Amino acid sequence: MYISDISQDILTVDDVCKALSISRATVKNWIRLEKIIPDIDDQLFSREYIEGFAAALQSDENTMLKRRRNKKSATGKALYKDYVRTADSQKLVSELLELDIIKNEKELLIVLANFAVQLYYQSKGISCSENDVLCDFLSQSHGDDFHILIDDLIGKYDVDSASMEKLQPVLTKKMHFVRGEDSLGFVYISLRDIGRRKSAGVYYTPEKIVNELIECLYENDENLKLRKICDPCCGTGNFLLSLGARGMDYENLYGQDSDPVSVCLARINIALMSPEMSAADICSRIRIGNTYFDTFAQKFDVILGNPPWGGELSEEEALRCRSLFKTAAGKSMASCDLFIEKSLTMLCNHGVLAFVLPEAIMSVAAHSEVRRLLTASCSFRFVSYLGNVFSGVQCPSILLGVTLSDRQTVVGCKVTAGKKQFTIMQPRCTDGGALSLNVSDEEYECLNAISGIENAAYLKGNARFALGIVTGNNKRYITDQKYDDNEIILRGSDIQRYSITKSGNYICFTPESFQQAAPTEMYRAKEKLLYRFISEVPVFAYDDQQTLSLNSCNIVIPQIPGLEMKYVLAILNSSTAAYFISKKFNSVKLLRSHIERMPIPVVSLEIQAEVVKKVDCIMSSSESVSGLYAELDQYIMKLFGLNSDQIETIQAALRGKKLFLRG
């Protein structure tokens, strides 16, 4: 079963097993290690997320996820064309992948050494043989610095005639020297086994993102060229190369990585860019090591880079981390959190930490400890919301810059969110909860006005929730024909605000046959609310016909004492709720936890009756309901006590969004 065969939008662990061709035990282990993370109520997976995960395991030869007989991680090669900008480098790696000659580490290291020597000669302006450049170089004296670095790269392997003959179609290819470009790293990451990359939690940073992070640093520090800078997860050195290309003195740049080949390539890259540095000096600055446990003795002015996001730790490493790191104290530990905590200890006072990170750092409960650590010891300098920037990975990302400081604040933080740019000028709550930095001061004030209403009620603890039916095989169970023994079943796309479009899907209700179903009484409730799981804005409809729904159409039955269900419906369908949920959680997936945190004004029965009357008018109208909705929407804004400026802020934020109204 391939991922494209899955028709439902919400996946169970068993779905993931089938989609990725792995055992249930493997999935459970991956969840434990945070290699995959349930993104729906901490229990289930969205189809979008698993599709992205599957894409990250693909090889260049197959657009579908490979089946694996050993049920372990996928293997293969991939072209990370966003990693560098030049067409020549991209063309070269495409040709190497097409040749498919390089089959093991020895062959890969010989090829990398060959290209490194090519670049060395080009940087020196020395002409060389096109066929035997590596052999010619190795036949010369081994006393100079670049020979030392090439020998370190090749390591224990002999450059024998049989290997050279086999690799001739690759070795005769030419790599072009581009100042500041990590061409060697591009070859390495594209030919390195995918399974090794994923177990290390490695997501290679596109050149555009590297430059954007460095640009953010320059904008915040005009004396950056004078700083001591370290990348504690430097890989092949792309961040360091980019800094050097901007005029940084390489003697001020340091790096460390646990992958020996990456470190050897980073050293070669720096030698090509800074030939006056000795091999010994370069090796003292670019080290092989596990940053969690062993780092430079000195402190740095700037720590930057892209730490691993879901790196796998051995049991011994995990146990050691739990004794060293606050961010490892919970049930699970995230490698990016550990890197943040460790890197803060490597900074001078008023030093800057600038990392590429998953956006989840800002809001997801699993990262609450690292948020507490950041807000207790740092002032925030910049945040850039990037969206999905890593090829084949569905994981929104950010650039985060903070300063180690006695004055902890978000005031002065420069924020980029899409086309919107602003600077936070007012203090915000930073207690380890969600960090709402993607909203301007005006938007944040509006959020506070909504959440700060008096006499608010919440659905958390006052409602029953249920997912729609997961059949396990929609083609088998669902038909577009009506028979005596089947009935209508709704999808998320059938739900409009205040109305249901019965699109003609039918099912025989046999819950024992389905892969997953809620208790029957949830579907057969006398009255309930149905809502879309995927939508830019919350979309709820009222159902008193005991209608069945699929897993893209979920159920909530409000049970707040003294509040009518249709009154709650009106609040959840309002622009106020749409604004609050979209700005607070920044997601097109409407989760139970989002709905539970929406404040609902507790009002008199008379006011509720007025709201319900307006709801009934919308539900019974056969014409366009936009005017009726606007009237009800204004009424609800008054219940929240919003002023004209706040109302305009909400309307501006929702302008252009589809509201899913009839007419």
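Just so it is clear, the model here is predicted, and its values are computed rather than measured. Quick note: numbers below take in every heavy atom, side chains included, and nothing from hydrogens, waters or symmetry partners.
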Atom [atom1] of [X] and atom [atom2] of [Y]: how far apart are they, to the nearest 0.5 Å?
X      : Y      : atom1 : atom2 : answer
Ile268 : Tyr120 : CD1   : OH    : 12.0 Å
Leu338 : Arg322 : CG    : CZ    : 9.5 Å
Thr205 : Ile189 : OG1   : CD1   : 9.0 Å
Asn269 : Ser274 : CG    : OG    : 12.0 Å
Ile209 : Ile398 : CD1   : CD1   : 12.0 Å
Thr375 : Gln408 : OG1   : CD    : 8.0 Å

Taking side chain as C-beta onward, heavy atoms only, is [X] less than 4.5 Å from [Y]?
X      : Y      : result
Asn220 : Thr403 : no
Val352 : Asp221 : no
Met164 : Asn114 : no
Thr236 : Val261 : no
Cys216 : Thr416 : no
Ser190 : Leu96  : no
Glu317 : Asn290 : yes
Leu97  : Leu191 : yes

Examine distances only and state if a side-chain atom of [X] and a backbone atom of [Y] form a donor-acceptor pair shorter than 3.5 Å.
X      : Y      : answer
Gln421 : Lys419 : no
Asn104 : Lys106 : yes
Glu165 : Ser161 : no
Glu341 : Val370 : no
Thr172 : Gln168 : yes
Thr295 : Thr291 : no
Arg407 : Ser379 : no
Gln256 : Asp294 : yes
Lys174 : Phe115 : no

Looking at every non-hydrogen atom in both residues, tell me the closest pair between [X] and [Y] and how far apart they are.
X      : Y      : value
Leu313 : Tyr292 : CD2-CE1, 3.5 Å
Leu138 : Ile154 : CD1-CD1, 4.3 Å
Arg227 : Val302 : CB-CG2, 4.3 Å
Leu353 : Ser343 : CD1-CB, 3.7 Å
Cys378 : Leu344 : SG-CD2, 3.8 Å
Tyr83  : Gly185 : CE2-C, 4.1 Å

Under 3.5 Å side-chain donor-acceptor pair for [X] and [Y]:
X      : Y      : result
Thr327 : Asp337 : no
Ser278 : Asp145 : no
Glu181 : Ser183 : yes
Asp259 : Tyr188 : yes

Exercise for the section: Carefully, step by step, assess Ile110 and Leu167 under the rule side-chain contact (heavy atoms from CB on, under 4.5 Å). Expected result: CA-CA 9 Å; Ile110 289 174; Leu167 294 171; 3.9 Å; yes
Practice item. Establish, for the pair Arg285 and Tyr250, whether the NZ or CZ atom is under 6.0 angstrom from the six-membered ring centre and no further than 45 degrees off its axis. Key: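 The answer is no, since Arg285 fails at least one limit relative to Tyr250.
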Next item on the list: Answer yes or no on whether Arg320 is positioned over the face of Phe293, meaning its NZ or CZ is under 6.0 Å from the six-membered ring centre and within 45° of the axis.
Entry: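 Here Arg320 passes the 6.0 Å and 45° test against Phe293.
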Would Met362 and Asn438 count as a side-chain contact (heavy atoms from CB on, under 4.5 Å) here? Give the steps. CA-CA 10 Å; Met362 306 298 282; Asn438 61 325; over 6 Å; no
Checking side-chain contact (heavy atoms from CB on, under 4.5 Å) against Val402, which of Val410, Leu374, Val383 comes through?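 Single pass found, and it is Leu374.
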Query raised in the report: If you draw a 6.0 Å radius around CD in Glu276, do more than 12 non-hydrogen atoms from other residues or ligands fall strictly inside?
Result: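 For Glu276, atom CD is crowded (more than 12 foreign heavy atoms under 6.0 Å).
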- Got a sec: does the NZ of Lys208 have more than 12 other heavy atoms crowding it under 6.0 Å?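 Not more than 12 within 6.0 Å, no.
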ask   = Passes side-chain contact (heavy atoms from CB on, under 4.5 Å), Lys225 versus Tyr218? Steps please.
value = CA-CA 9 Å; Lys225 290 182 180 180; Tyr218 268 100; 3.6 Å; yes
Salt bridge check, [Y] against [X]: does any charged N sit closer than 4.0 Å to a carboxylate O?
X      : Y      : result
Lys414 : Glu219 : no
Glu95  : Lys91  : yes
Arg372 : Glu369 : yes

**Report entry** Parallel, tilted or perpendicular, as decided by the 30° and 60° cut-offs, for the rings of Phe137 and His147
**Finding:**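 Rings of His147 and Phe137: parallel, as their planes differ by under 30°.
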Review point. Phe382 and Leu213: side-chain contact (heavy atoms from CB on, under 4.5 Å), yes or no, with the steps?
Key: CA-CA 10 Å; Phe382 61 84; Leu213 180 64; 3.9 Å; yes
